[in-house]
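These numbers come from the heavy atoms of this one structure, side chains and all, not from hydrogens, waters or symmetry mates. Remember, it's a predicted structure, so these values are computed and weren't measured experimentally.
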Amino acid sequence: HNGERFKKQFERLIDFSDNKAIMVDNADWLLELNYVNFLREVGIYFSVNKMLTAECYKTRMEKGLTFLEFNYMLMQGYDFLELYKRYGCRLQMGGNDQWSNILAGADLIRRVEGVEAYGLTLSLLTTSEGKKMGKTQAGAIWLDPEKTSPYDFYQYWRNVDDADVEKCLALLTFLPMDEVRRLGSLPGEKINEAKKTLAFEITKIIHGEEEALKAQKAAEALFGGGGDSESIPTTEISTAQLEEGINIINLLVMTGLAPSKGEARRLVTQGGVYLEDSKVEGIDVTIGMKDLKDGKLIIKKGKKTYHRISAIE
């Protein structure tokens with residue numbers, strides 16, 4: 001089920017027709033493994049001493065390396081071997097943190113099958129502090145529009161740190177490098193123009209130009225005094241429910257602005273929730289039809305996350 005969802009997301013970027021690209025599930029071979037046979041047939045090719053020199057293990061050794069984590073290299077190496085046997089795959093690509101695991105698979109193929117296999121690693125997307133990007137307070141930034149809307153996706157890239165703009169433009173867009181360097185070197189407030197370009201280009205690649213334009217117009221509506229606010233993420237609520245009144249904590253969870261009631265309470269008590277331009281002062285606030293203007297209400301979380309409530313019959 002998840003595989004089909006991911007496949008649909010990547011169909012704009014990868015051609016799956018006529019088996020030009022295929023997507024497989026490694027559970028098809030991993031879940032059927034016999035542990036004793038696996039140790040005999042695969043484990044004999046792995047040296048513990050050599051494995052412990054890998055950077056991925058050295059960093060974990062300091063805080064404790066579980067046997068589950070220790071086995072990861074063997075399992076990924078075995079995946080590469082199975083992909084070679086089943087599909088003739090001789091190249092594995094991944095982030096540069098996977099270098100040791102990819103090499104282990106290439107070495108396993110050479111030892112078992114007597115053929116050369118290869119690895120290609122790409123730079124990890126990290127912040128200027130060296131931390132992996134893609135995590136927010138509410139969780140990961142998803143390509144799936146059902147998990148992260150195109151607007152929220154756009155806003156994430158619109159709000160990256162100034163120091164990360166040029167790196168993101170270089171790694172994630174197809175702009176010429178001369179243009180990337182020009183945008184990345186814009187001084188002061190002008191760097192915001194580079195961020196807008198970054199957000200639009202990445203959103204266009206992932207969600208298409210139409211959704212990128214909608215997200216751009218929605219951002220302009222909220223921050224620039226113009227544009228089309230119809231593209232702001234929206235939750236529709238019945239007028240009957242609004243007539244009864246909805247507690248602000250429940251509303252934050254309903255809209256997805258908070259993952260839980262506990263997190264919603266924290267946001268409100270810390271003064272991070274606004275109805276239009278008015279700060280929500282307490283967790284007992286109730287929202288009703290009287291709070292909506294023309295059947296709509298904007299809720300803001302922090303400085304940059306907007307959501308709209310729309311009343312329906």
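Between Glu193 and Lys190 there is no salt bridge, since none of the side-chain N atoms of the basic residue sits less than 4.0 Å from a carboxylate O of the acidic one. Ionic pairing of Asp178 and Arg182 is not present here: no N-O contact between side-chain nitrogen and carboxylate oxygen is shorter than 4.0 angstrom.
For Asn37, the CG atom counts as densely surrounded, since its 6.0 Å shell holds more than 12 non-hydrogen atoms of other residues, nucleotides or ligands.
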Stepwise side chain to side chain donor-acceptor pair (under 3.5 Å) check, Gln98 with Gln92: CA-CA 10 Å; Gln98 296 298 311; Gln92 184 173 167; over 6 Å; no
Full working for side-chain contact (heavy atoms from CB on, under 4.5 Å) between Leu175 and Leu183: CA-CA 10 Å; Leu175 294 177; Leu183 289 168; 4.1 Å; yes
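Taking the six-membered ring for Trp, Phe70 and Tyr57 have ring centres closer than 6.0 Å. Residues Tyr306 and Tyr151 keep their aromatic ring centres 6.0 Å or farther apart.
With Ile309 as the partner, the side-chain contact (heavy atoms from CB on, under 4.5 Å) test is satisfied by one option alone out of Asp291, Ile287, Leu251, Ile246: Leu251.
Of the possible donor and acceptor atoms, none in the side chain of Lys261 sits under 3.5 Å from a partner among the backbone N and O of Ile249.
Here the side chains of Asn96 and Leu122 are not in contact, with every heavy-atom distance at 4.5 Å or above.
Of all heavy-atom pairs between Val253 and Ala264, the closest is CG2-CB, 4.5 Å. Heavy-atom minimum distance, Leu292 versus Ala311: CD2-CB, 3.7 Å.
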